[in-house]
Asker: 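Encoded as structure tokens, here's the structure I'll be asking about.
Worth knowing before you read on, the calculation uses all heavy atoms, side chains too, and leaves out hydrogens, waters and symmetry mates.
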Amino acid sequence: MNSMLLRPLPSAGASGGRGSPGRGRVVGSAVSFGGRGRWRRGVAVVAAGAGAEASWMEEAGVAVLEEGVRRNPAVSDSYRPPGMPRPNATVLEAQARVCTGPEQTRPLGEEQAMRVLDTILRSGMGELKDEPVSSAQLGAFFAGMTIRANSFPEATQWSEGERRAMSLFWPRLVNVLPPEVKFIADPEGTIMGANGLTGPRYVGQSTAEMRLVSALREVLAGGHLGYEEVQGVLKDVLPVELASANSTMVNEALLAAFLIGQRMNRETDRELKGYCLAFDDELGPTPVADVKSLTHYGEPYDGNTRFFRSTLFVAAVRACYGEACLLHGVEWMPPKGGITEGQMLKFMGANTHLSTLQAKTLLEDENTGFAYLGLQEACPPLYSIIGLREHIKKRPPLATSEKVQQFVRARGRESMVAGFYHVGYEDPLLMLMRRRTVHAGLVVKGEEGALSMTTKERSAHASKGLPVNHCSGFRIPNSTDFSETDGISREGFSVIVNAQELGFESTETPRTDRSVLKNLELGLAALSGEKGPAYDRIVLNAAMVDHLLGCTGAEDIKCALDRAREAIDSGKALSRLMNYIKISHKVS
């Protein structure tokens, strides 16, 4: 089976040497490319800036500009790591149906079940050279089937069609599937009858696998693990190392089954804490930035595929008045593979391979005041399984816990903000933030489950559940000196932000449809002072985060809005972003 593991990309510093003038022109031409038909003022500023700063671009000599020549950086899909094997589409479609929660699972019909199992059989026999079913897909699919059989309610257990298909194909599959997959499919020998005898005897190959198999038995039965168990397994198996070109130290089928199984069982608070805190000390002591206030932004790592993503521009605005912001993420992440802050910064020519110490320096720099950290540098163990995550299809517990990371601390006040979409994850996110002992925490149901609140008036026919612009969180009381608080005494709040009540006109959210360039055009035009929907959303999101987190000077929402507008209209926010692109290459 092809390995889904992602080889580490070279860091920016690894490129060495001085860039050529030609490389400097790549940034200018890449940005101005968006001017076809309509030249936005924000884009013109960047293009002009790239020309004016050609000297520092030549000094930088970074690998990201070379990569821009090799692929089209204007669309989020193009940031998928090259060379990473793609999953088998037939089985992946089935995983989307059966590898989800007790109420969300949609059993397969007989025809689809037959097609999926036939695909797995032919792949196991070596007939699908161009699109084999990966080990991770096998682990995830059969884990989903096993958990459904063992613990799901009757409505989402196996359908009659699935039973008939499995009874027909399993006697043949048992001859081609590896032992770890047969274990996942029937761990206790209670599902497949006489052909399910491998599971009860299976123990794994290495010490790490043995611990994983032991934990997986509980997960496949629909059970839960303790905090220490989850941490122990993750530290044993991550980062996943390449033992050879086509094998790994820990079998991908087992790891995929563990990750998707925990999500299907709905992680407990203890389990989520295990995921969240497992690698806090991976790179040594956490750097502490000498700033009065720091906000950690937890955007969904898999990005936006439809609507304008505002957080990068919001960070530049808030930095203007002393609210330092730390963004973190990856260039590309499944399942959505949408627009991310890493893509936008890379497109503009910034260094997106900073260490935590370099990020600390940028947070402290009076000319920037914000920073972006890539997961590759901030937490290599979690970065190592991006490819595997594409092959399990559905989001694992890490999709929640990675939004509540604290890669840099602050001497002053600390806050966290995270986006969510699905019902049931609001309270767990706030629980993780409290565990981080920050002074304030905020979860936002923004558009696409991201952090961007909208100015669009809510439709009377809006979907059920929590509405977009729902916010809840905690903060220290206004009467408390945050320098003296123990991080425990906090007041909670919950609110639905109505932009019209704050004086905003109801406007449709600008669509970007995976275009990194379009998202940058909108954001840069807004930071250049161009009024419109993007400008309003940046102002709204900056001011509301200030206000809800209890930031100094934002007690009155009108004052908070005025302050955000002034940061844009004065040109300070755009200057901060341009400074960041330049200084990110010079920071030591």
Side-chain angles (χ1 to χ4, degrees), residues 11-13 56 60 62 64 280 282-299 301 309-331 340-380 382-383 402-418 436 438 451 520 523 527 538 541-542 545 549 551 567 572-588:
S11 65
W56 68 259
V62 291
V64 292
D280 276 8
E282 181 69 18
L283 302 179
T286 304
V288 180
D290 187 13
V291 294
K292 292 182 179 179
S293 179
L294 174 62
T295 304
H296 304 265
Y297 273 85
E299 281 277 23
Y301 277 20
R309 190 163 167 116
S310 66
T311 294
L312 174 61
F313 312 104
V314 169
V317 169
R318 297 185 70 229
C320 294
Y321 41 82
E323 294 295 338
C325 302
L326 180 62
L327 317 178
H328 53 91
V330 293
E331 281 187 15
T340 65
E341 288 70 33
Q343 292 173 10
M344 288 186 278
L345 286 168
K346 182 174 181 177
F347 187 98
M348 291 190 293
N351 179 4
T352 57
H353 296 286
L354 300 171
S355 69
T356 53
L357 286 172
Q358 290 172 320
K360 166 188 173 293
T361 301
L362 285 165
L363 291 170
E364 296 171 336
D365 194 313
E366 61 181 10
N367 295 306
T368 53
F370 73 96
Y372 168 82
L373 272 173
L375 194 65
Q376 178 179 354
E377 289 71 32
C379 193
L382 299 184
Y383 181 81
E402 64 199 4
K403 292 186 282 192
V404 191
Q405 294 304 304
Q406 205 168 15
F407 296 125
V408 179
R409 299 294 303 266
R411 295 195 185 279
R413 188 179 192 274
E414 283 192 76
S415 305
M416 282 191 169
V417 187
R436 292 291 188 189
V438 293
L451 282 171
L520 281 170
L527 290 193
I538 294 171
N541 282 277
V545 168
L549 292 178
C551 297
K572 294 176 183 176
L574 182 60
S575 178
R576 293 259 176 179
L577 185 53
M578 295 300 101
N579 288 340
Y580 184 88
I581 296 170
K582 176 170 62 176
I583 298 173
S584 67
H585 293 290
K586 295 182 176 181
V587 65
S588 59

Asker: Output all residues satisfying ring pair (Phe, Tyr, Trp, His ring centres under 6.0 Å) with Y321, sequence neighbours left out; order by chain, then residue number.
Answerer: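 With sequence neighbours excluded, Y321 shows a ring pair (Phe, Tyr, Trp, His ring centres under 6.0 Å) to no residue whatsoever.
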Asker: My understanding is that only residues two or more places apart in sequence, or in another chain, count here; which of them pass side-chain contact (heavy atoms from CB on, under 4.5 Å) with A289?
Answerer: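 A289 satisfies side-chain contact (heavy atoms from CB on, under 4.5 Å) with V291, K360, L363, E364, V408 only.
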Asker: Once rounded to the nearest 0.5 Å, what's the spacing between atom CD of Q406 and atom CG of D280?
Answerer: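 Answer for the CD-CG pair, Q406 versus D280, is 7.5 Å.
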Asker: Rounded to the nearest 0.5 Å, what separation is found between the CG atom of L527 and the CZ atom of R576?
Answerer: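 Between atom CG of L527 and atom CZ of R576 there are 12.5 Å.
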Asker: Which value, rounded to the nearest 0.5 Å, describes the distance between L373 atom CG and C379 atom SG?
Answerer: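 Result: 11.0 Å between the selected atoms.
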Asker: Quick check: do P380 and L283 have side-chain heavy atoms less than 4.5 Å from each other?
Answerer: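 Answer yes - side chains close enough.
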Asker: Is any side-chain heavy atom of Q376 less than 4.5 Å from a side-chain heavy atom of E331?
Answerer: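 No - every pair of side-chain heavy atoms lies 4.5 Å or more apart.
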Asker: Using side-chain contact (heavy atoms from CB on, under 4.5 Å) as the criterion, list what pairs up with T340, not counting sequence neighbours.
Answerer: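 With neighbours one apart ignored, the set is Q343.
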Asker: Going by side-chain contact (heavy atoms from CB on, under 4.5 Å), name the residues that satisfy it together with Q358, two or more places apart in sequence or in a different chain.
Answerer: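 Applying side-chain contact (heavy atoms from CB on, under 4.5 Å) to Q358 gives L354, S355, V587.
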Asker: Determine the interplanar angle of the F370 and Y580 rings, folded into 0 to 90°, and report it as parallel if under 30°, tilted if 30 to 60°, perpendicular if over 60°.
Answerer: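 Judged by the thresholds at 30° and 60°, the geometry between F370 and Y580 is parallel.
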Asker: Tell me which pairs pass salt bridge (charged side-chain N to carboxylate O under 4.0 Å, His left out) where either residue lies in residues 311-323, with sequence neighbours left out.
Answerer: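 Every salt bridge (charged side-chain N to carboxylate O under 4.0 Å, His left out) pair that includes a residue of residues 311-323, provided the two are not neighbours, is R318-E323, R318-D546.
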Asker: Apply side-chain contact (heavy atoms from CB on, under 4.5 Å) to D365 and list each qualifying residue two or more places apart in sequence or on a separate chain.
Answerer: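 D365 satisfies side-chain contact (heavy atoms from CB on, under 4.5 Å) with N367, T368, I583 once adjacent residues are dropped.
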Asker: Do E414 and R436 make a side-chain contact, defined as non-hydrogen atoms from C-beta onward lying under 4.5 Å apart?
Answerer: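 No, every pair of side-chain atoms sits at 4.5 Å or beyond.
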Asker: What I'd like to find out is whether the side chain of V317 reaches to under 4.5 Å of the side chain of N541, using heavy atoms alone.
Answerer: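 They are not in side-chain contact.
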